Amino acid sequence: MRKNYFLGFGITGLLVSNISVAQFQTGEKIAGAGLNFTSSSQNTYSGLTPVDYRSSGINLAFDFGFAKKESRLNGFFVDAGYNVSKTIYPTQGSSNYESDGYTAGAGWFSRRYKPAGKSFFLFAEGRIGVNYSDRQYTNNYYSKEKSYGLNAGIFPGVAYRTGKRLLLELKFADFVSIGYSQTEAVLSYNDKKEKRKNFIFGSSLGLGYLNNFGIGAKWIIPAKGKSIKTGH
């Protein structure tokens, strides 16, 4: 029997501009921060041996951008996170192991909005970035590993404008993604280095797609020399 559990929660706050009809005014600046927590658990088998995989983590991200058009944002982001994972063999306790490590990344994003009814908007966000990770292991094979990567993806979502200065957003998992990583791992038993390269092309679409999403909010500051409109 195979059971999968995933819990994700994200909160994002950004400083943006308020408008009466469109989302932004050309030239407005965007600055913000985001906090995301994740936790997952999977019960499966390795051959006839039951195995439990558990993972939890936290990630902090910062964004800076500007409005190119009333319905488009372009900008840059940086993020960093920490993650702990455990592999548990209920019938072979001596084979259990765990790892922990941090990640860091930076890149560019572009988001396009489209009206979808009164105060509602659909959006698509494209991201491309570089990332770095460093992990430590407690097992008989690896002691540590470092990884460098490049990735890109497209993420859909929906937004709702409420009040004069607030835009609420729901961002889903990637519609499509592509990535490349190069990893250097140190073997526990002889301290030799093992190098791996990995290329990934995929999507989070599927039965569990809605299990991975983020909740965001944008607050408004008018662009320099412009005043906030209060009409609807």
Side-chain angles (χ1 to χ4, degrees), residues 6-38 59-79 81 105-129 151-179 202-232:
F6 179 87
L7 173 64
F9 178 71
I11 301 178
T12 304
L14 298 177
L15 298 177
V16 297
S17 66
N18 185 33
I19 57 173
S20 60
V21 179
Q23 294 78 24
F24 310 101
Q25 294 182 30
T26 302
E28 290 174 332
K29 303 296 190 297
I30 298 94
L35 183 63
N36 190 73
F37 300 93
T38 61
N59 183 270
L60 182 64
F62 296 93
D63 298 293
F64 177 80
F66 51 91
K68 290 289 292 183
K69 298 180 180 179
E70 291 182 343
S71 60
R72 175 169 292 182
L73 298 177
N74 290 341
F76 302 90
F77 67 88
V78 294
D79 59 64
W108 176 87
F109 73 88
S110 181
R111 180 179 286 196
R112 178 71 179 269
Y113 291 84
K114 184 177 180 61
K118 185 178 180 180
S119 300
F120 282 93
F121 304 89
L122 301 177
F123 68 81
E125 178 180 297
R127 286 200 167 209
I128 182 169
N151 56 76
I154 298 176
F155 304 82
V158 61
Y160 175 73
R161 182 160 55 85
T162 178
K164 299 177 180 179
R165 302 192 179 193
L166 185 64
L167 186 67
L168 302 177
E169 296 182 342
L170 186 63
K171 181 180 176 182
F172 301 106
D174 60 274
F175 177 76
V176 63
S177 62
I178 187 172
S203 172
S204 293
L205 288 175
L207 294 177
Y209 183 71
L210 296 179
N211 287 339
N212 188 359
F213 62 89
I215 300 173
K218 290 185 170 64
W219 289 273
I220 299 195
I221 314 181
K224 186 176 182 180
K226 296 182 180 181
S227 60
I228 295 178
K229 300 179 182 180
T230 58
H232 291 280

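Just so you know, these numbers come straight off a predicted model, no measurement behind them.
- Aromatic ring orientation, F120 versus Y160: tilted (interplanar angle from 30° to 60°).
- The nearest pair of heavy atoms linking D79 to A61 is CB-CB, 3.7 Å.
- A pairwise comparison of heavy atoms in F64 and F109 identifies O-CE2, 4.2 Å as the closest pair.
- Across all non-hydrogen atoms, the minimal contact from P115 to F121 is CA-CD2, 3.6 Å.
- Side-chain contact between W108 and N74 is present, with heavy atoms from C-beta onward closer than 4.5 Å.
- Here the straight-line distance linking atom CD of E70 with atom OH of Y113 works out to 14.0 Å at 0.5 Å rounding.
- In this structure the side chain of K114 never reaches within 4.5 angstrom of the side chain of S71, judged on heavy atoms.
- Closest of all the heavy-atom pairs between L122 and A116 is CG-CB, 3.8 Å.
- Separation of atoms CG (L170) and CZ (F123) is listed at 7.5 Å; rounding is to 0.5 Å.
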